[in-house]
Peer 1: 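My questions all concern the structure below.
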Amino acid sequence: MSVSPSNVSGDRYLGGLFMYLCRTIREHLFLTVLLPLLATAIAYVVALQLPTVYTAQGSIRIGKVDGVEAVSPAGAVSRMNSLSFKQRVAQATNSAGDRNRGNLTARQETADTVAVNARAASAGQARDAIAAAVDLMNEEQRRTLGPLEVEIKEQLAASDRTIASLAQTRDSLLAVAREDSKGAFGDPAFAAMLRVWLSDLVSRNEDRVTAAKAQQRVLSARLGAWRTYPTILLDEPYTSPGFAVARPVTIAIVAGVIAFPVLLIVAMLRAPKLLRRG
Amino acid sequence: MLDVRIGWDDDVTASEVDSGSLLAALVSVTAVATFMTVGLWIAVKRPELGMIFFFVLFAFAWRLVSVLYIDLSGPVFSEQLARDIGPGIAALPMAISQGIVVMAMLFSFRRQRLRKLVGPDGAGLASWLPPGRFSLSDFAFLAVAVFVVALWVELLVRGQIPLFAGIERFDYTRLYGGPLHRRLLEWGPMLAFQVGVFFAVPLLHSARPDRRFGALFASLLLYLFLAGHRFSALYAYSSFFVIPIGAVLIGRQAKSPFQKEIVSKGMLRYLAAAGLVLVVLIAGAVAYSYIVVRGEGAELMEKLSQRVLVQQGEMWWMTYDRVFLQDDWSGRFAAYKLFVDPFDPSRNSTMQFLMELALPLQRAHYIIAQGAAYTGGWPEVFFELGGPIGGFALVALSAIVFSEFVFLMTRCIVQERFATCFFLTPILFALSIMVVSGMVNSFVQITFLVKVAAALVVYVTEDKWRSSMLFLRPAAPHGG
């Protein structure tokens, strides 16, 4: 039967290839089936010996001073994923720096929170790494927004001093008024003038006290819990045991999947028995 | 030392330009002119090779022209980087890098080697396979046709045709794109390559190309046009479609050198006509997209100037400035950001890394998170990894691997190793993307390693099966 040179038979071609593959596997069962199975079993046993790795997960809220963030959540994510930050966390937790640098990862969770994951050899170390990350963020926040906080506190202290001074002045004025009520000042005209003067002074003092207290409330609000807070962990980090590389079953399957094609190729490269017999 | 970063004052005229900047301009122009001459020589003298490497060579030429523009016209304002870039001699190291690829390509496809392309079963696969129940090309046609028809049905059923509705292609994909549309965007160029294989292979046996596959490919391009794609997709699909045609023409040349001229010229005429239609289609799509979809008619020329002349070369200019002028590079850090901790590991980490270096970090991450990326990546990635000297060594290594792999693929097409071709296609795609956009993190993905293992098994299986068939065949009919 004449066949067009460009018309390759699909079933003969694909079937031929598939049958050849099956025949090779059948003829080299030890190489292509038993050895990959052995590799799978060995990889599983080895994977079981690998140390357990603990992962701690926590959510942190980036701190603010007077409603101002030292760094936005997106910036905090970039900062926490940077090499230098990871190195500092490793130093802070006294872990082997280079080895653990990649074990802290951050990603933005909501508009104002960041999810942090840390991996370590023990649950405690993983939690410590997250705590160290929070401390470092706070330290950076203090460096950036510390002067603003100090300035607000100084203003608050000055306001307190002003209020105390005004209270002292008011007491003095009240003492003079008490003297007057006892008739200490004999001249009625002078006494009348003094009362008017004292009344005016007390009124002005009250106004100043009111203004100073209002300013004190504003300053206190700027440092209040809603506008000023440190970077904090929103809850206790959740710690779970895991695997250093992957699950033992996964490692075993990967080993088998790698071994199978390699050994299959080895089997292919050896002359087929059919040809050897020929 | 030659200062190539000379600033231009408003009152400086051409006659006052100092000799340093003139020399720099001369160096850049010479480098680009040399590369373009070689490219033109390939297009005229070895068009088959030009077809096989069209995807890479076109991208090279465009980027080089853009870098030359930045070198000569700088400082030029880049909209994407929000800063001035240029002038300099950035075109020189880029032209050298691209020249290394061209040299590797010419060496891999040297004529002595091409003459040995046709194997002992040169009469063709069909001549020594017994007749079967169905033909491979019919099977392939049926499979692709079912997919293409389903794709069109999906587009019509979804109710929104981006071209008519004025929807951006990525918005369509995100909001309306069905599973088949998404699969096409992931695997499209590879599908185009397979379609090209079945379209071109009959030419090996002096038959007409299989026009059914040509029609399928045309319908795919039309689909992309309607789906709002402008240039990149049409260029990539067409480039991958013509690779097998170039390979087949090389195969014909190896089989019967006398027919080379006739076949090549005939095929080139058809391709030139098809190319012209494609260029008109792309021009229409680009104009429609900018004027109608984006409503940027008033700023069309400015946008096009940025797109064509600045954006192609701006990332290379930044790498040139960092690595060559400021010696500011770190291979370790680059490797860490490329392979270990990229912003989005599921995408090309090279451009993410380059954008992080070139832009404020938050802006870079915002743009990447939107799914966008700037143009370029190769050879930037190798100079960020290896520095100003080691970068050239890495470029040479990538060039050798790429050109040798393409030669292997050509051999498989010429020898009609369809199964091997099929399994090698994802690797060809990954390597091509590496040479065009510098993507290197795909090579460390487990899925890529599985693809390589599968391709290796199939390659060896097909090789040994064919050897056994030839061995067992009583008499091989030659000359068919």
Peer 1: Answer yes or no: are there more than 12 heavy-atom neighbours, outside Phe134(B) itself, under 6.0 Å from its atom CZ?
Peer 2: yes
Peer 1: After noting the C-alpha distance and the side-chain angles of Trp465(B) and Phe18(A), does the key distance pass the ring pair (Phe, Tyr, Trp, His ring centres under 6.0 Å) rule?
Peer 2: CA-CA 10 Å; Trp465(B) 172 65; Phe18(A) 184 69; over 10 Å; no
Peer 1: In Å and rounded to the nearest 0.5 Å, what is the CD to CE distance from Glu462(B) to Met268(A)?
Peer 2: 11.0 Å
Peer 1: Is it the case that over 12 heavy atoms from other parts of the model lie below 6.0 angstrom from the CZ atom of Arg227(A)?
Peer 2: yes
Peer 1: Are any of the side-chain heavy atoms of Tyr20(A) and Ser468(B) separated by less than 4.5 Å?
Peer 2: yes
Peer 1: Name the region of Ser72(A), side chain, backbone, both or neither, that has any atom closer than 4.5 Å to a heavy atom of chain B.
Peer 2: side chain
Peer 1: For Phe448(B), does the CZ atom have more than 12 heavy-atom neighbours from other residues, nucleotides or ligands under 6.0 Å away?
Peer 2: yes
Peer 1: Flag yes if more than 12 heavy atoms outside Phe443(B) fall under 6.0 Å of its CZ atom; otherwise flag no.
Peer 2: yes
Peer 1: To the nearest 0.5 Å, what is the distance between OG (Ser9(A)) and CZ (Phe139(B))?
Peer 2: 12.0 Å
Peer 1: Apply side chain to side chain donor-acceptor pair (under 3.5 Å) to residues Glu416(B) and Tyr13(A) and explain how you reach the verdict.
Peer 2: CA-CA 11 Å; Glu416(B) 297 175 86; Tyr13(A) 175 68; over 6 Å; no
Peer 1: Check this for me: Arg208(B), atom CZ, are more than 12 non-hydrogen atoms of other residues, nucleotides or ligands nearer than 6.0 Å?
Peer 2: no
Peer 1: Can you confirm whether Phe339(B) is buried at CZ, in the sense that more than 12 heavy atoms of other residues, nucleotides or ligands lie under 6.0 Å from that atom?
Peer 2: yes
Peer 1: What part of Leu456(B) gets closer than 4.5 Å to chain A, counting heavy atoms only: side chain, backbone, both or neither?
Peer 2: both
Peer 1: Measure Phe418(B) against the heavy atoms of chain A and call it side chain, backbone, both or neither at under 4.5 Å.
Peer 2: both
Peer 1: Under 4.5 Å from any heavy atom of chain A, what part of Val340(B) do you find: side chain, backbone, both or neither?
Peer 2: neither
Peer 1: Using non-hydrogen atoms only, which part of Leu17(A) is less than 4.5 Å away from chain B: side chain, backbone, both, or neither?
Peer 2: both
Peer 1: OH of Tyr44(A): more than 12 outside heavy atoms within 6.0 angstrom?
Peer 2: no
Peer 1: Given Leu361(B) and Arg79(A), is the side-chain contact (heavy atoms from CB on, under 4.5 Å) satisfied, shown in steps?
Peer 2: CA-CA 10 Å; Leu361(B) 205 56; Arg79(A) 179 78 191 102; over 6 Å; no
Peer 1: Under the side-chain contact (heavy atoms from CB on, under 4.5 Å) criterion, do Lys464(B) and Leu269(A) qualify, and how do the steps go?
Peer 2: CA-CA 8 Å; Lys464(B) 292 291 167 186; Leu269(A) 292 175; 3.9 Å; yes
Peer 1: What residue in Asp138(B), Val457(B), Leu449(B) has the most heavy-atom pairs under 4.5 Å with chain A?
Peer 2: Val457(B)
Peer 1: Need one label for Ile258(A): side chain, backbone, both or neither, based on atoms under 4.5 Å from any heavy atom in chain B.
Peer 2: neither
Peer 1: Roughly how far, to the nearest 0.5 Å, is CD1 of Ile265(A) from OG1 of Thr461(B)?
Peer 2: 8.0 Å
